[in-house]
Q: 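Dropping the structure in here first, questions after.
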Amino acid sequence: MVSEIGSGEYAKLRSPCQQNGTQLMPTLTEQILARASGRKRVVPGEIVVIEPDVTLSHDNSAAIAEIFAQLPHKRVKFPERLAITLDHAVPPPTPKHAQNHAAIREFVRAQGIQRFYEVGRGICHQVLCEEGVVGPGMTLLGADSHSPHYGWLGAFSAGIGRSEVAALWATGQLWLRVPETLRINLRGSLRRGVTSKDLTLAMIGELGADGAAYMAVEFAGEGLANMTADARAALTNMMAEMGAKSACMPPDDITWRWLRDTLARTRPQDCAQRLDYFEANALYPLADAQVAREQTIDLSAVEPMVACPHAVDNSLPLSQVAGRRVDVGFIGTCTNGRLEDLAAAAELVSGRRLRARLLVIPASSLVLRDATEAGYITALLEAGAVIGTPGCGPCMGNHMGVLAPGEVCISSANRNFRGRMGEPTAEIYLANPAVVAASCVVGKLSHPADL
Amino acid sequence: MTNTSHRIWKYGDNINTDVIFPGKYTYTISHDPVQLARHALEDLDPTFAARAQMGDVIVAGRNFGNGSSREQAVTCLKHAGLRAVIAHSFARIYYRNAINNGLLAIECPPLVDCVETGDTLAIDMAAHEIRAGERTFAFAPLPAEVRAILDAGGIIPYLLEQF
Ligand code: SF4
């Protein structure tokens, strides 16, 4: 089956595990992959076979089922390990999209898939965290490029293609190449008005869209303790835009508190057992773990950033691009559609009228409910914003807010590629949610502090 | 095969999956070869789909195929007739998807700056060499596991062979 050996560059990377004959400690990613592959130890470059705890797919599940149907396996090998969400084009914009959802429901019924999340529940990555499907120390492979997301919980997760998911459904296992690790040490704390999104845009701008190609990113350092759960999720999520295979950080008090509070709401019937399982399963970084590359970032030096059209690594400090015209703003997605993001936007627009249109799509029904109870939705509506059904919305150009030719959008999403929001002549800027909201108030790229 | 000459389409760095196969089609066009080929590289080079010929190759810069995991970004090129994509480097999911769908993906950094659109090259899979004009460029052989999948025509044909 498939491995991840690139034929050129990365065959040159040497395994850092043996130096002068001394055995060095494994990274968090290597610990998780060793356990998942039933080995004592794995080293970068090695090919291992794992049986992931969770295999994720979404609106692409019908297409995967068509590939699966070519195989002789009539039944999914481990139906309890599948998780399927309807989120990418919800509610369905055309009869064809509706038919796609209907085909997925039929597959889910026929195969007895329990972890199936319907239209309106939210975006796969948010929902699987909220529902306690993935937790510390677990492994997930997903037919979605932002699958590194789950590393904020201390899990190993990576994106794969549709054919590989079909193969996983059939056999329950897949080969992976153990990645080299890029450790990023975070020091200090972010200044007010600067978010983890700005940190990622600064990092990607500096290291490039392939700055962590084929690598596992591990966040470390005391700066993590100053970051909320919502901020952490944006951090690992965005590492997909730096080419990373996976991204993770150690679970700590903030992680456990979030899991306790969230699971008590989403699965009150077995919350305690699930948390016990996570605790028994959690793995933590070891001192002296050897990494291929290491970098330290002073969080207090990060400033608000904007990724300019048409690449995420085309990022500049907001101060350099402020004043450019904005037609429409979008706050949502698996990157920045959580409660904290909606709170920042609501705070900014409250008592003001928007000059540019603003579309807000909560990442999940839970986020929508909390934002409603907190009054954020009312504040946004009063300012003139539009609220959409929890899901991906126009993030990938399917529907519900796609752009007109030549329009300029400022978005809290993760990708600004040409045509990403449906129209190749449109321009997409990426920023943190407060910058999106401020820009919609003014009708130009603006810093929240300038209002 | 060795002496077959392939026409080159040359593109730059970070050719992402959204310009290779736009996201707006991902849930309505999945496996139809004609439709897939028709939208290949639509937002990068609108002339490509009409002019691509069987056996052509793409030569591109760094990080080819970054972005989405959508497999159509591979299959649309395959159905447009492409024999291979040769790049300075690939985004990892794209690389997997290419192998899994039987599209030859070769990393060969030194070649990239030496050819232009309209030039031709020949690929020697046995010698792990690409010939372009007077020059020959070596590339690293694929690991055995990967080569087996590619030779089978992708991961699904490969799995079918196991039964
Ligand atoms: S919100 Fe956007 S990036 Fe996230 S899963 Fe949905 S389409 Fe992908």
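Only heavy atoms go into these numbers, but all of them, side chains included; no hydrogens, no water, no symmetry mates. So you know, we letter chains A, B, ... as the sequences are listed, proteins then strands, and number each from 1.
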Q: Please find the pair of heavy atoms, one from A/Ala167 and one from B/Leu159, that lie closest to each other, and give the distance.
A: CB-CD1, 3.5 Å
Q: Distance from A/Ile160 atom CD1 to B/Ser69 atom OG, nearest 0.5 Å?
A: 8.5 Å
Q: Should we say atom CD of A/Glu106 is surrounded by more than 12 heavy atoms from elsewhere, each under 6.0 Å from it?
A: yes
Q: With side-chain contact (heavy atoms from CB on, under 4.5 Å) as the test, pick out the partner of A/Phe417 among B/Asn66, B/Ile20, B/Asp43.
A: B/Asn66
Q: With a 3.5 Å distance limit and no angle check, can you tell me whether B/Asn63 reaches the backbone of A/Ala209 through a side-chain donor-acceptor pair?
A: yes
Q: Taking all non-hydrogen atoms of both residues into account, name the closest pair between A/Ser145 and B/Ser68 and its distance.
A: OG-CA, 3.5 Å
Q: Taking the side chain as everything from C-beta on, heavy atoms only, tell me whether A/Asn60 gets closer than 4.5 Å to B/Arg70.
A: no
Q: Mark yes when over 12 heavy atoms from residues, nucleotides or ligands other than B/Arg135 sit less than 6.0 Å from its CZ; otherwise mark no.
A: no
Q: For A/Asn414, is it the side chain, the backbone, both, or neither that has a heavy atom closer than 4.5 Å to a heavy atom of chain B?
A: neither
Q: Count the heavy-atom pairs under 4.5 Å between each of A/Pro72, A/Gly419, A/Ala244 and chain B, then report the option with the highest count.
A: A/Pro72
Q: Counting only N and O atoms by type, is there a donor-acceptor contact under 3.5 Å from the side chain of B/Lys24 to the main-chain atoms of A/Gly422?
A: yes
Q: Would you mind checking which part of B/Ile93 comes under 4.5 Å of any heavy atom in chain A, side chain (CB onward), backbone (N, CA, C, O), both or neither?
A: side chain
Q: Sort A/His58 into side chain, backbone, both or neither according to what part of it lies under 4.5 angstrom from a heavy atom of chain B.
A: side chain
Q: Heavy-atom pairs under 4.5 Å with chain B: which of A/Glu241, A/His88, A/His399 has the most?
A: A/His88
Q: Can you find a heavy atom in the side chain of A/Gln99 that is under 4.5 Å from one in the side chain of B/Thr28?
A: no
Q: Quick check against the 3.5 Å criterion: does A/Gln70 have a side-chain atom that pairs as donor or acceptor with the backbone of B/Ile156?
A: no
Q: Give the minimum heavy-atom separation between A/Ser163 and B/Asn101, together with the two atoms involved.
A: OG-OD1, 3.9 Å
Q: Non-hydrogen atoms of chain B under 4.5 Å away: do they reach the side chain of A/His73, the backbone, both or neither?
A: side chain
Q: Could you give the distance from CD (B/Gln162) to OG1 (A/Thr171), rounded to the nearest 0.5 Å?
A: 10.0 Å
Q: I need the A/Leu174 CG to B/Ile155 CD1 distance, nearest 0.5 Å.
A: 6.0 Å
Q: With respect to chain A, which residue among B/Leu150, B/Thr26, B/Asn14, B/Thr17 yields the maximal number of heavy-atom pairs within a distance under 4.5 Å?
A: B/Thr26
Q: Quick check: closest heavy atoms across B/Asn97 and A/Gly161, and the distance to 0.1 Å?
A: OD1-CA, 3.0 Å
Q: Taking side chain as everything from C-beta outward and backbone as N, CA, C, O, which of these in A/Asn100 sits under 4.5 Å from a heavy atom of chain B? Side chain, backbone, both or neither.
A: side chain
Q: Select one option (side chain, backbone, both, neither) describing which atoms of B/Asp13 are under 4.5 Å from chain A's heavy atoms.
A: neither
Q: With side-chain hydrogen bond (donor to acceptor under 3.5 Å, both in side chains) as the test, pick out the partner of B/Asp18 among A/His310, A/Arg420, A/Arg418.
A: A/Arg420
Q: What are the two closest heavy atoms between A/Ala63 and B/Ser30, and how far apart are they?
A: CB-OG, 3.5 Å
Q: Of the non-hydrogen atoms in B/Phe90 and A/Tyr214, which two are nearest, and what is the gap between them?
A: O-OH, 2.9 Å
Q: Check whether A/His97 reaches the backbone of B/Tyr27 with its side chain - one donor and one acceptor, N or O, closer than 3.5 Å.
A: no
Q: Has B/Arg92 got a side-chain atom pairing as donor or acceptor with A/Gly243's backbone, closer than 3.5 angstrom?
A: no
